[in-house]
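Letters A, B, ... are given to chains in the order of the sequence lines, protein chains preceding strands, and every chain is numbered from 1. These figures come from a predicted structure and were not determined experimentally.
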Amino acid sequence: MNDGPVNTPPSSDDDLPEQLRIRREKRAELLAKGKDPYPVEVPRTDTLAGIRAAFPDLEPDTQTGRRVRVVGRVMFVRNTGKLCFATLREGDGTELQAMLSLANVGAESLAEWKALVDLGDHVLVDGEVITSRRGELSVMADSWSMVAKAVRPLPVAHRELSEETRVRQRYVDLIMRPEARDMVRARSAVLRTLREQLGARDYIEVETPMLQLLHGGATARPFVTHANALDTDLYLRIAPELFLKRTVVGGIERVFELNRVFRNEGIDSTHSPEFAMLEAYQAYATYDDMAVLTRELIQESARAVFGSTVVRHADGSEHDLGGEWRSVTLHESVANAVQAEVTPDTGAEELRKIAATHEVALKDSWTAGEIVLELFEKLVEHTLIEPTFVRDYPVEVRPLTRQHRDDPRLAEAWDLIVFGHELGTAYSELVDPVEQRSRLHAQSVLAAKGDPEAMQLDEDFLRAMEYGMPPTGGMGMGVDRLLMTLTGLGIRDTILFPLVRAEG
RNA sequence: GGGCCUCUAGCUCAAUCGGCAGAGCAGCGGACUUUUAAUCCGCGGGUUCGGGGUUCGAUCCCCCGGGGGCCCA
């Protein structure tokens, strides 16, 4: 709760804007007439969708004899003298017309309908399924009652909702915009698909700590909180990786977690401070195996949303994510972009010259590997539109990845880039506890020097690894990013209630 | 963190050069028994994001602060 004006009751209804005051008066009038504006139970017999399905194509001016009681939110009203029309809508967006005639409901009930029902109200209509003379499938009311009075008016239905209202008042966005409702369903379909597909491959879903004594598994700035009972600071996890690896050590050979991680960093159209992450680990697998898994998970997610690997973006464009995806090494991709030879043998000095000619700013402390990664991020990443696995990163930028079997300066790691953004990553995991200790020690030195993103030395994680971790492939993928890839929308459209600043 | 744009009625937006703050939808009153964003007649509705300044006079110009968007870091 905050103390914003939303939570502060006005001193009297007189202070309210006219339309809110009038609706409150209508609520009071219902109560005065002994009619509950918010009844506890609603004797619905049929959904609007059910009625539409049962009577798909009636002739105009048909009486079915079918008596129903339906509920819905009033989206449009067309009140005439003795015959009123209203468009009712239920949760999935299905609409059905209600008709109220003087002859059927009587003068008093019709007058109350006109006086007390506003756009946005939920109403119950008891009547017969008919079609109007114009052929509109309708319920011709014998009676009606209020189901839930809306005391705040809905936005105009025929204008775009402002960006701010869409995000701050998602409930309004969901009422007004089918695309907002579609996203909720698309996200659910993707989450269900990921779980089903992993389950079908004998992966076990686990839940590991979100509150952690040490943060690790990624390079990112964490949120800090405090546990009173332990009188100690805790971190909200930036990744589940180190606990999932402990799980693999324990013999759970195929394991995944699909839940929220938290990073105390920038907020923009591609970054949210809390986001949903999938991580999966498979013993006796490599980063090549994880590439196949990742591609299949994404392609199945596309099928779950679109019925096909062809995804449709909000701008109307279509993109086929089907088939095999191309791979390129990090150094090849940079060499191609800068039109010069760039290999693991290229020295830092040479790379600095290349960076200068392409106006890429570098830090003095960076190694050759770090410079190549910067060149990739600045010059290449946004150009990779079709799904591309970018492979074999410098070992110093992947502290949890094993050295490449063919070149110890490289790590067996790939990033998956789609539409110019990183969608997922995978490693052949580092499982040598001695090597892992030395890598984390280097990270902890960086942390001691003040790098807030460096990893901490997690002795318990190293102890687990000392018991022997099998060779393992691991992958991670941002679920919000996956939804963005599938829909072409920004991250705040994929998250139902994204973080927003407190209202002023 | 920096730059640019923006904030006006319930909602979406206007307002000329600094001169009585308007429209559509929504609302209220009236007419209308087949409407589809119903239509027709009439009427209300404003802390112009907040604070300060300049001015006879500020939605408009200046300063500080807040919210939102876009671009950059």
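- A gap of 31 Å separates the C1' atoms of B/rG2 and B/rC13, to the nearest Å.
- One atom, CD of A/E136, and another, C1' of B/rA38, lie 13 Å apart when rounded to the nearest Å.
- A/D61 comes within 4.0 angstrom of nothing in the nucleic acid, heavy atoms only.
- A/L154 places its CG atom 14 Å from the C1' atom of B/rG27, with the value rounded to the nearest Å.
- Remark: B/rC61 base-pairs with B/rG53. Criterion, Watson-Crick or G-U wobble with two distances under 3.5 Å.
- The residue among A/A103 and A/T165 whose nearest nucleotide of RNA chain B is located toward the 5' end is A/T165.
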CA sep, side-chain torsions, deciding dist, call: A/E112, A/K33, salt bridge (charged side-chain N to carboxylate O under 4.0 Å, His left out): CA-CA 10 Å; A/E112 286 178 3; A/K33 290 176 182 295; 3.6 Å; yes
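- Residue A/N79 contributes atom CG, which lies 13 Å from atom P of B/rU36 at whole-angstrom precision.
- Here the shortest heavy-atom pairing between A/A276 and A/R260 reads N-CD, 4.0 Å.
- In this entry the distance linking CE of A/M176 with C1' of B/rG10 reads 12 Å, nearest Å.
- Of the C1' atoms belonging to B/rG68 and B/rG52, the separation is 23 Å, rounded to the nearest Å.
- Of the listed nucleotides (B/rU33, B/rU36, B/rG27), B/rG27 has the atom at the smallest distance from the side chain of A/D118.
- For B/rG68, one of the phosphate oxygens OP1 or OP2 lies less than 4.0 angstrom from a side-chain nitrogen or oxygen of A/R168.
- Residue A/S162 is classed as a sugar-phosphate contact, given heavy-atom separations below 4.0 Å to backbone atoms only.
- Side-chain proximity of A/S101 to the nucleotides B/rU33, B/rU34, B/rG10 is greatest for B/rU33.
- For the pair A/R159 CZ and B/rA9 C1', the computed distance is 15 Å after rounding to whole Å.
- Summarising the base pairing, B/rA23 is matched to B/rU12 through a Watson-Crick or G-U wobble pair whose two defining distances lie under 3.5 Å.
- Salt-bridge check for A/R185 with A/D92: failed, with every basic side-chain N at 4.0 Å or more from each acidic carboxylate O.
- Nucleotides B/rC7 and B/rG65 have their C1' atoms positioned 14 Å apart, rounded to a whole Å.
- With ring centers used as reference points, A/H331 lies 6.0 Å or more from A/F376.
- A donor atom on one side chain and an acceptor atom on the other are found under 3.5 Å apart for A/E396 and A/T367.
- Summary of the strand contacts: A/E164 and A/S138 both lie near RNA chain B, and taking for each the nucleotide with the nearest heavy atom, the more 5' one is attributed to A/S138.
- Nearest nucleotide to the A/R501 side chain, out of B/rU33, B/rU34, B/rG68: B/rG68.
- Here A/V167 lies out of heavy-atom contact (under 4.0 Å) with every strand.
- Distance A/R21 CZ to B/rG45 P: 11 Å, rounded to the nearest Å.
- Scanning atom types as modelled, one donor and one acceptor separated by under 3.5 angstrom connect the side chain of A/E18 and the base of B/rG44.
- With P as the reference atom, B/rA9 and B/rA21 are 15 Å apart, rounded to whole Å.
- Distance from the side chain of A/P17 is smallest for B/rG10 among the nucleotides B/rG67, B/rU12, B/rG10.
- Taking the C1' atoms as reference points, B/rC64 lies 27 Å from B/rC17, given to the whole Å.
- We find that NZ of A/K114 is positioned 17 Å from C1' of B/rG27, with the value rounded to whole Å.
- Comparing the same atom, C1', in B/rG24 and in B/rC70 gives a spacing of 28 Å after rounding to whole Å.
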Could you give me the CA-CA distance, side-chain angles and deciding distance for A/F76 and A/H158, then say whether ring-ring contact (aromatic ring centres under 6.0 Å, His included) is met? CA-CA 11 Å; A/F76 300 107; A/H158 314 289; 5.5 Å; yes
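- In this structure, B/rG1 and B/rC72 make a Watson-Crick or G-U wobble pair, each of the two defining distances being under 3.5 angstrom.
- On a pure distance criterion of 3.5 Å, a polar donor-acceptor pair joins the side chain of A/Q19 and the base of B/rG10.
- Donor-acceptor pairing under 3.5 Å is lacking for the side chains of A/Q19 and A/R24.
- Between B/rC41 and B/rA23, the distance separating the two P atoms is 15 Å to the nearest Å.
- The one candidate from A/T425, A/D392, A/D415, A/T219 that meets the side chain to side chain donor-acceptor pair (under 3.5 Å) condition with A/R398 is A/D415.
- The partner of B/rU39, taking Watson-Crick or G-U wobble pairs whose two distances both stay under 3.5 Å, is B/rA31.
- The nearest whole Å value for the distance from the NZ atom in A/K26 to the P atom in B/rG27 is 7 Å.
- Only the P atoms considered, B/rU8 is 12 Å distant from B/rU47, to the nearest whole Å.
- When each of B/rA38, B/rG10, B/rU34 is scored by its nearest atom to the side-chain atoms of A/T80, the top-ranked nucleotide is B/rA38.
- The side chain of A/R78 contributes an N or O atom lying less than 4.0 Å from OP1 or OP2 of B/rA38.
- Nucleic acid contact class of A/E160 (heavy atoms, under 4.0 Å, all strands): sugar-phosphate only.
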